[in-house]
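Reading through the structure tokens given below for one structure.
As the structure is a prediction and not an experimental result, all values here were calculated from the model. Because only heavy atoms are used, hydrogens play no part in the values below, and waters and symmetry mates are left out as well, while side chains stay in.
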Amino acid sequence: MEDFRMRQVHLDFHTSPAIDGIGEKFDKKEWQETLKTGRVNSITVFSKCHHGYSYHPSEVNEMHPGLKFDLLGAQLEACREIGVKAPVYISAGLDEKDAVTHPEWLARNENGAPSSGDFMNARFHLLCLNTAYLDKLIAEIEEVMQKYKPCGIFLDILDERICYCAKCRADMTAAGLDFTNPEDASEFGKKVYKNYRDRVEQAVRKYDKNCTIFHNSGHVQKGRRDLISSMSHLELESLPTGGWGYDHFPMSAAYARTVREHFLGMTGKFHKSWGEFGGFKHPNALRYEAALSLAVGAGCSVGDQMHPNGKLNPSTFRLIGAAYSELEKKEPWCVGAKNISEIAVLSTESIPGQRRREYGKADTGANRILLETGRLYDYIDTEADFNAYKLLIIPDYRRNDEGLKEKINAYLACGGKLLISGTAGTDDSGFMFDTGAEFIGENEFRPTYFVPCFDTVNGYTEYIMRAESYRIKNINAEIISKGKNPYFNRNAMHFCSHQHAPDNDEAPYETAVIKNNVAYIGWNIFTGYAVYGDLHIKELVNEVIKRLMDNDFLVGSSKLDRGIITLQQKENKKLVHLLFAHTSKRGDDTEVIEDIVPLYNVDVNVKTEKPEKVILVPQNEEIKFNFENGRVYFTVPKVEIHQMISIE
């Protein structure tokens with residue numbers, strides 16, 4: 001990974017056998033000039049697509065019936081001549097040709113039907129890696145390695161899956177497992193996937209010790225370091241308009257950078273998502289998305305889909321070039337830079353047995369609050385070094401892990417700060433850490449009301465809290481907020497107005513407390529923010545964080561809440577990234593970036609040693625600064641999508 005490329009393209013090429021003339025307009029010189037227009041220095045090209053056909057002569061597979069020459073070889077030659085890397089894509093989980101000709105290779109659900117639908121649907125079908133299909137797939141990988149010597153292998157549509165095909169059921173039974181038991185079936189699925197990964201590693205390393213390997217599941221699971229260890233780098237699939245949203249990638253990156261030095265943010269040129277011919281986003285959107293990759297410590301990969309004729313779309317690469325020409329100028333400051341974080345979120349996804357969808361919303365809510373309040377944070381798993389962070393947040397849900405309790409207590413003993421909410425930090429006996437309060441249990445009322453004991457935008461009043469509520473009894477803690485119940489829960493016998501009953505003034509109670517370096521909030525507060533987005537939820541969490549941290553953060557800024565600020569270290573320089581983009585809704589559910597809305601005179605302060613100079617980069621323009629009490633203060637004249645500031 002010494003030559004990790006920051007400006008990549010993932011070139012999809014899933015092409016039906018019903019289409020003829022495959023690659024007939026491929027022209028080496030035109031291909032090369034188009035890549036240069038896009039300022040691309042790595043492009044993933046196809047050996048085999050989801051339809052199951054190879055784009056080169058093959059002894060172990062069938063070449064696409066509409067192709068008359070070695071398209072993959074021609075693409076690789078064109079790339080090598082101009083110094084562009086070209087990892088090779090092989091569809092692993094999907095192969096529609098083999099799904100039709102070898103139905104015994106299909107992955108099947110508990111009813112015996114194909115896992116991904118019947119054949120009358122116009123969709124691809126999953127194959128089982130516990131069948132003879134795996135032998136064929138390994139042969140396809142070895143053929144590519146031996147014949148083309150690629151720099152990387154990208155394998156797609158993969159995960160630990162439960163399969164009930166005849167082979168899996170027979171093998172589970174032979175191993176003494178009960179395939180009707182979901183736990184046994186899940187455990188067997190993990191073994192099947194482990195065998196697949198081991199065999200891929202052997203096949204690739206047989207020919208090249210340095211070839212990169214990536215298994216794409218569409219998501220990198222937090223806490224699954226065993227899966228991550230089988231990959232040389234990570235590619236974080238996160239197309240903002242394809243259902244992920246603009247806040248998804250920062251959260252994925254916040255975990256990826258703690259477990260891998262090299263990773264990519266994978267967005268797309270599409271208006272929506274993969275497989276979209278003729279879809280384009282505005283150049284300003286891609287400029288923002290590419291800059292965001294740099295700001296969170298990643299390289300950038302832009303998804304495209306090539307026309308069956310083998311010609312790269314000039315408009316697409318002009319679009320990509322608008323973003324990558326800027327990245328190219330910024331790379332000298334960013335290559336090798338490490339993101340600095342002072343807050344860690346112990347991801348709910350990283351806890352074994354707690355990966356259900358509702359738990360993920362706690363991670364999402366924490367991410368949004370930290371992003372919108374300008375905090376420097378990582379997402380971590382239980383194997384991480386907690387002492388690398390000033391504050392640890394455990395959002396909303398209980399962990400039954402004695403080893404984790406001991407690790408957190410050791411962290412607290414060394415001066416670490418802890419924020420827990422909901423049932424996090426509790427066991428059957430109550431709080432596991434000294435919050436200065438007694439944990440009583442779940443509140444019978446929902447919704448409830450939050451009453452702040454601090455200044456908020458809308459003042460001292462009752463604010464609706466729709467998330468699950470938990471009761472505590474204060475003993476000797478500082479009270480941050482109180483709560484009230486409604487007169488009654490809404491039901492057929494008791495209801496008031498159109499939604500919920502108003503607050504009952506009787507018997508207010510404590511809901512958020514702090515004692516020394518531990519704070520507790522008595523709601524599933526982060527889940528609540530993910531689902532409802534109430535301003536007062538963010539205000540409460542931010543107030544607790546500020547008090548725990550003594551309002552002493554590494555960076556501060558006057559940016560807007562849709563802006564992003566990150567801090568990186570490279571040698572003796574600190575690099576501040578400021579990003580801002582105005583998003584608008586298009587269609588039913590697509591958030592887009594079109595117009596540039598600049599920010600002017602953005603005040604920034606950074607905790608650091610006294611610098612010699614502060615420079616806007618890559619413009620190389622010095623700006624004035626003041627240094628007081630260990631902080632440097634400066635004003636950035638203008639932020640147009642992205643501005644970097646080097647403190648030297």
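- Counting heavy-atom neighbours within 6.0 Å of N111 CG, excluding the residue itself, gives a total above 12.
- Among residue pairs with one or both ends in residues 215-238, those qualifying as ring-ring contact (aromatic ring centres under 6.0 Å, His included) are Y196-H215, F214-H233; sequence neighbours excluded.
- The shortest distance between side-chain heavy atoms of Q305 and F277 falls below 4.5 Å.
- Screening K48, K147, E143 for a side-chain hydrogen bond (donor to acceptor under 3.5 Å, both in side chains) with S58, the sole residue that qualifies is E143.
- Among residue pairs with one or both ends in residues 287-305, those qualifying as salt bridge (charged side-chain N to carboxylate O under 4.0 Å, His left out) are K281-E289, R287-E326; sequence neighbours excluded.
- By the 6.0 Å contact criterion, NZ on K329 is open, its count of non-hydrogen atoms from other residues, nucleotides or ligands being 12 or less.
- Side-chain polar atoms of T590 and K272 form a donor-acceptor pair below 3.5 angstrom.
- Between W31 and F26 the shortest side-chain heavy-atom distance falls below 4.5 Å.
- Residues A295 and N339 approach most closely at O-ND2, 3.1 Å, considering heavy atoms.
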Q) Step by step, would you call D226 with K194 a salt bridge (Lys or Arg N to Asp or Glu O under 4.0 Å)? A) CA-CA 9 Å; D226 57 326; K194 175 68 163 56; over 6 Å; no
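- Considering all non-hydrogen atoms of both residues, E142 and A203 come closest at CG-CB, 3.7 Å.
- Checked by atom type, the side-chain pair Y148/D70 shows a donor-acceptor distance below 3.5 Å.
- For the pairing with K28, the side-chain hydrogen bond (donor to acceptor under 3.5 Å, both in side chains) check across Q75, E33, E77 returns one residue only, E77.
- Between P598 and I596, the closest heavy-atom pair is CD-O, 3.5 Å.
- A cation-pi contact, defined as under 6.0 Å to the ring centre and within 45° of the axis, links K269 to F280.
- Across every non-hydrogen atom of K97 and E62, the tightest pair is CD-OE1, 3.7 Å.
- The residues D95 and K136 are annotated as salt-bridged, a charged nitrogen and a carboxylate oxygen being separated by less than 4.0 angstrom.
- Under the rule for a ring-ring contact (aromatic ring centres under 6.0 Å, His included), the partners of F124 that lie at least two apart in sequence or sit in another chain are H50, H51.
- Contact annotation: the side chain of F188 never approaches that of F179 to less than 4.5 Å [non-hydrogen atoms, C-beta and beyond].
- For the residue pair N61 and S54, a side-chain donor N or O sits within less than 3.5 Å of a side-chain acceptor on the partner.
- Inter-residue side-chain proximity for Q8 and I43 is flagged as unmet; no heavy-atom pair is nearer than 4.5 Å.
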Q.
If you apply the rule side chain to side chain donor-acceptor pair (under 3.5 Å), what do you find for Q32 with E81, and how did you get there?
A. CA-CA 9 Å; Q32 292 170 333; E81 287 183 1; 3.0 Å; yes
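- Here the side chains of L129 and L158 are in contact, with some heavy-atom distance below 4.5 Å.
- Going from atom OG1 of T131 over to atom CH2 of W105 covers 6.5 Å, rounded to the nearest 0.5 Å.
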